[in-house]
Amino acid sequence: MAWFIDEVAQRVRAAARQVPDQERDALRRAVQAAPAPREFYRALTPSPQRPIGVIGEIRSLDGNPAPAPEYIEAFTEALSGGGAAAISVTAPVIPGGLGLPALRRARAIGVGPLLYRDVTVSAVQLLRARAAGADAVSLTPRILSDVELEALVERARSLGMEPCLEVESESDITRAIGCAARVVVADSRSVTDYPQLFEQLPYTCVRVVRRGVRSPRDVFTAARHGAGCVIVGRALLETDDPVGLVARMATAGRHPAALLMAERIAHVSDHAVDATEYTAQAPGLGHPPHAHAQEGTR
Ligand SMILES: O=C(O)c1ccccc1NCC(=O)[C@H](O)[C@H](O)COP(=O)(O)O
């Protein structure tokens with residue numbers, strides 16, 4: 001899948017360079033007017049009561065047209081009601097991605113917090129995501145230089161959003177630790193050694209597994225492998241009862257068995273306490289969402 005992202009990143013970079021200054025200014029104003037960001041990290045943080053959480057992803061099945069906006073709205077609301085700790089929306093560059101309109105709708109109906117997953121290479125994408133109501137954004141270290149990664153992490157934080165680093169290798173983990181990432185996401189299909197990678201992270205970091213998570217059993221497996229959260233997408237579209245499925249997965253995430261599994265590899269009980277201190281110390285947090293940072297990446 002690496003080649004796919006590389007190709008998309010090239011296109012997105014080229015498009016970002018074309019964005020005129022007036023549009024950037026308009027986006028900054030839209031960010032000022034946007035609803036304040038909500039606490040994403042805290043919503044994901046494992047606790048003895050919920051050792052592993054579920055992020056419900058709203059998307060369409062690859063190749064299918066996007067569902068009607070009213071359906072997306074009802075679906076999003078139902079996922080939240082079913083116990084999803086957060087909602088993820090993917091950009092249209094990712095197959096099945098519904099993009100910023102879906103993000104805006106999800107924000108308007110008040111569910112959340114919201115993660116926007118994009119192939120992010122430019123600050124302008126962060127502005128668009130925040131203006132549409134994102135509380136967190138994904139960043140992929142592999143496609144970013146050190147300078148770009150640092151600038152985008154800081155920019156996301158200065159906008160009040162949690163940067164969630166999508167890691168693929170040991171060197172990505174080192175870079176994620178270097179920028180004090182508090183949420184790290186691994187694709188369980190292409191990053192098959194993710195449990196080993198997770199082990200290297202500070203335990204205050206929420207480890208998220210995505211792709212191929214389909215059942216409560218997969219939630220337990222992810223807990224056993226050190227995850228504090230899973231993202232579930234396709235499985236919710238392939239069942240007749242998405243709300244029931246997300247609810248069963250969320251229930252699995254609160255099950256004492258999940259706590260036993262999680263405790264074997266991470267100090268979940270301590271995590272809940274220490275995370276509070278960590279939040280207070282984390283760079284960029286606690287600032288008002290509209291604080292202005294230097295724009296390091298256009
Ligand atoms: O994210 C990518 O790099 C990507 C590239 C090409 C095709 C799909 C890609 N991502 C898929 C997703 O982001 C999934 O929607 C997400 O991981 C949830 O997984 P699933 O539950 O298997 O739908």
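Just follow the structure's listing: the first ligand is 1, and inside any ligand the first atom is 1. Heavy-atom basis, side chains included; hydrogens, waters and symmetry copies ignored.
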ask   = Any side-chain donor paired with an acceptor under 3.5 Å for D187 and S190?
value = yes
ask   = Which of the atoms of ligand 1 are close to R117, meaning less than 4.0 Å from one of its heavy atoms?
value = 1 (O), 12 (C), 13 (O), 16 (C)
query = So which pairs with a foot in residues 133-188 pass ring pair (Phe, Tyr, Trp, His ring centres under 6.0 Å), sequence neighbours left out?
reply = none
task = Could you tell me whether the side chains of R155 and S158 share a donor-acceptor contact shorter than 3.5 Å?
result = yes
task = Kindly write out the residues that satisfy side-chain contact (heavy atoms from CB on, under 4.5 Å) with V243, not counting sequence neighbours, or none if the list is empty.
result = A78, D241
task = Using distance alone, decide if ligand 1 has a nitrogen or oxygen within less than 3.5 Å of any nitrogen or oxygen in P95.
result = no
key: Polar proximity ligand 1 side, T90 side, N/O cut 3.5 Å exclusive   = no
inquiry  = Please compare R234, R210, E168, R214 and report which has the shortest non-hydrogen distance to atom 17 (O) of ligand 1.
reply    = R210
inquiry  = If we only consider heavy atoms of G212, is any one of them less than 4.0 Å away from an atom in ligand 1?
reply    = yes
ask   = How are the rings of Y194 and F198 set relative to one another: parallel (under 30°), tilted (30 to 60°) or perpendicular (over 60°)?
value = perpendicular
ask   = Which of the atoms in ligand 1, numbered in the order shown and given with their element, are less than 4.0 Å from a heavy-atom of F4?
value = 5 (C), 6 (C)
request  = Flag the pair R128 and D118 as a salt bridge only when some basic side-chain nitrogen lies within less than 4.0 angstrom of an acidic carboxylate oxygen.
outcome  = no
request  = Specify side chain, backbone, both or neither for R59, according to which of its non-hydrogen atoms lie closer than 4.0 Å to ligand 1.
outcome  = side chain
task = Have a look at ligand 1 and work out which part of I5, if any, has a heavy atom under 4.0 Å from it: side chain, backbone, both or neither.
result = side chain
